[in-house]
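Structure first, commentary second.
Each chain gets a letter, A, B and so on, in the order the sequences are listed, and its residues count up from 1. All figures in this text were calculated on a predicted structure; none of them were measured in a lab.
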2 protein chains.
Amino acid sequence: MNSFKEENYLKAIYQLGVIDKENVVGATDLANWLALKPPTVLEKLNSLVTKGLINYNKTDGAILTKKGYEIAINIVRRHRIWETYLYRQLNFSWSEVHEIAEQLEHVNSDKLIDKIYSILGNPEFDPHGDPIPNKRGVLPKSDRRPLSRSVKGCKCVVLGVSHDNEAFLNYLSDLKIALNDKLTVEQIISYDESIRLLNQKKESIIISAKAAEQLLVACLKPNCECKTAN
Amino acid sequence: MNSFKEENYLKAIYQLGVIDKENVVGATDLANWLALKPPTVLEKLNSLVTKGLINYNKTDGAILTKKGYEIAINIVRRHRIWETYLYRQLNFSWSEVHEIAEQLEHVNSDKLIDKIYSILGNPEFDPHGDPIPNKRGVLPKSDRRPLSRSVKGCKCVVLGVSHDNEAFLNYLSDLKIALNDKLTVEQIISYDESIRLLNQKKESIIISAKAAEQLLVACLKPNCECKTAN
DNA sequence: TTTTATTATTAGGATACCCTAACAATTTGT
DNA sequence: ACAAATTGTTAGGGTATCCTAATAATAAAA
């Protein structure tokens with residue numbers, strides 16, 4: 001909890017690095033992201049360099065070292081696990097979970113995180129569909145993603161569910177959705193974010209937004225728009 | 001989460017005030033309690049005075065104002081609710097809960113606390129038998145206490161349970177313990193902290209440590225040692 | 001290519017927290 | 001009552017964060 005600030009810097013560097021894959025993470029970007037001024041950020045960046053948590057220079061910007069990455073990915077992990085816990089176990093809405101998780105992610109207890117992660121059934125994605133790194137900091141394979149992150153027209157294959165849950169598996173079998181089924185997204189109903197699908201027998205299936213978050217798929221078309229849309 | 005330090009000072013002033021009812025809460029006491037040096041504490045005390053959260057002078061020491069008390073009791077409330085949640089819902093042991101609750105108590109979300117408090121069934125005491133202030137900061141009536149806080153020989157009357165829980169009520173009826181029963185503590189079994197009681201019919205009852213925490217009683221003897229022992 | 005706009009960086013200052021050293025004020029014990 | 005021990009306070013520093021203002025370095029645009 002003392003490393004609050006430091007953790008937030010490392011997380012920000014990680015996040016900006018992911019968003020801006022080609023671009024460098026500069027001091028000004030970070031300052032805007034963290035609602036601080038460039039000199040403040042620069043000062044901290046220098047101290048992070050001294051601690052061996054990042055490398056920094058004008059041309060490449062800030063890049064996490066192995067040590068810095070491990071801290072950053074762990075904060076991301078905690079954040080996404082708490083978001084999932086708040087959403088699924090404590091009935092918070094999507095819009096509420098982020099702010100509370102911003103605080104909870106800094107609570108330093110591996111045992112606590114392990115416990116709630118296990119209660120949730122070791123999910124691979126949080127309620128927003130973002131991947132949850134495992135304990136070793138490894139993200140679930142990236143072309144595997146929740147169905148909820150689809151665009152209209154996408155043809156995809158069912159690869160699994162985001163976490164263990166018998167009720168959900170029963171729901172799927174009621175909808176006649178099984179592993180390796182190939183589905184086409186016919187319509188995304190904006191009212192409640194539910195999705196209308198077509199299965200291989202050309203049958204129409206409507207799946208709820210909640211279920212779509214838990215159902216993991218992969219696009220079948222090589223250049224599917226889903227990849228660029230998310 | 002920014003008021004981390006401030007919250008800890010106010011909590012400490014509250015706690016030392018409770019422990020040392022007749023004595024003043026001096027700068028040195030606080031420094032020892034918080035593992036800081038007196039000048040550091042004094043500096044902060046002055047700032048708390050400026051903010052109107054405490055009154056302070058050499059002879060009376062630090063005394064919380066209404067505003068300061070409200071913050072302090074709220075932190076105590078959060079701490080005890082989290083301890084209870086960690087113990088009961090996440091299966092942490094007594095010895096583990098305190099340290100984690102020290103961090104969680106500073107997470108600022110009334111909705112989160114309300115939620116877990118309600119999931120727990122609005123308990124009046126935490127796993128250590130400490131009273132949980134209600135939302136308005138009022139502590140449960142103090143002569144009502146968990147049976148677990150008894151000394152050998154104590155004669156007491158059953159007043160209720162610390163929180164709603166059907167399984168527990170069934171357990172009590174199995175043991176033939178009912179509201180307003182008068183019980184005598186015959187023995188506290190040090191091995192597992194379970195308690196051997198005698199009811200009015202001179203029947204011997206053994207109650208587990210866990211149940212003893214949830215069963216609320218009041219001493220019948222005016223000068224019962226329970227009061228001074230806790 | 002030169003002017004303009006955008007970063008990066010340095011200088012200097014403010015506040016929050018913590019500390020040691022030195023001294024003042026109070027108790028305490030005898 | 002008076003020396004000894006225990007607080008309370010002031011003075012003076014140190015580090016971490018954060019800021020504004022000014023300057024250097026770069027990139028973008030005309």
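We find that CG of B:N46 is positioned 8 Å from P of D:dT9, with the value rounded to whole Å. With rounding to whole Å, A:L30 atom CG is found 13 Å from C:dT7 atom C1'. Nucleotide D:dC19 holds its P atom 10 Å from the CD atom of A:E43, rounded to whole Å. Rounded to whole Å, atom P of D:dG8 lies 11 Å from atom CG of B:N57. Atom pair B:L45:CG and C:dC17:P shows a separation of 12 Å (rounding to whole Å applied). Straight-line distance from the CG atom of A:L42 to the P atom of C:dT9: 5 Å, rounded to whole Å. Going from atom CG of B:N32 over to atom C1' of D:dG8 covers 14 Å, rounded to whole Å. What separates NZ of A:K37 from C1' of C:dG12 is a distance of 18 Å, to the nearest Å.
Of the candidates D:dA21, C:dA21, D:dC18, the closest approach to any side-chain atom of B:P39 belongs to C:dA21. Comparing atom distances between the A:Y56 side chain and each of D:dT7, D:dT9, C:dA8 picks out C:dA8 as nearest.
No side-chain donor from either of A:D126 and A:H79 sits under 3.5 Å from a side-chain acceptor of the other.
Each of A:P38 and B:T28 has a nearest nucleotide on DNA chain D; the 5'-most of these lies closest to B:T28. Residue-to-nucleotide proximity on DNA chain D shows that, of A:K58 and A:V41, the 5′-proximal contact is made by A:V41.
Across all strands, A:T40 comes closer than 4.0 Å to base atoms (heavy-atom distances).
Within the structure, every side-chain polar atom (N or O) of B:K5 is placed at least 4.0 Å from both OP1 and OP2 of C:dA16. Neither OP1 nor OP2 of C:dA16 sits under 4.0 Å from any side-chain N or O of B:K44.
Note on ring orientation: taking the six-membered ring where Trp is involved, the planes of B:Y85 and A:Y85 are perpendicular (angle over 60°, cut-offs 30° and 60°).
Within the 4.5 Å cutoff, side-chain heavy atoms of A:V107 are placed close to those of A:L112.
For the pair A:R88 (side chain) and A:L120 (backbone), a donor-acceptor distance under 3.5 Å is present.
With values rounded to the nearest 0.5 angstrom, A:R145 atom CZ is found 7.0 Å from A:L147 atom CG.
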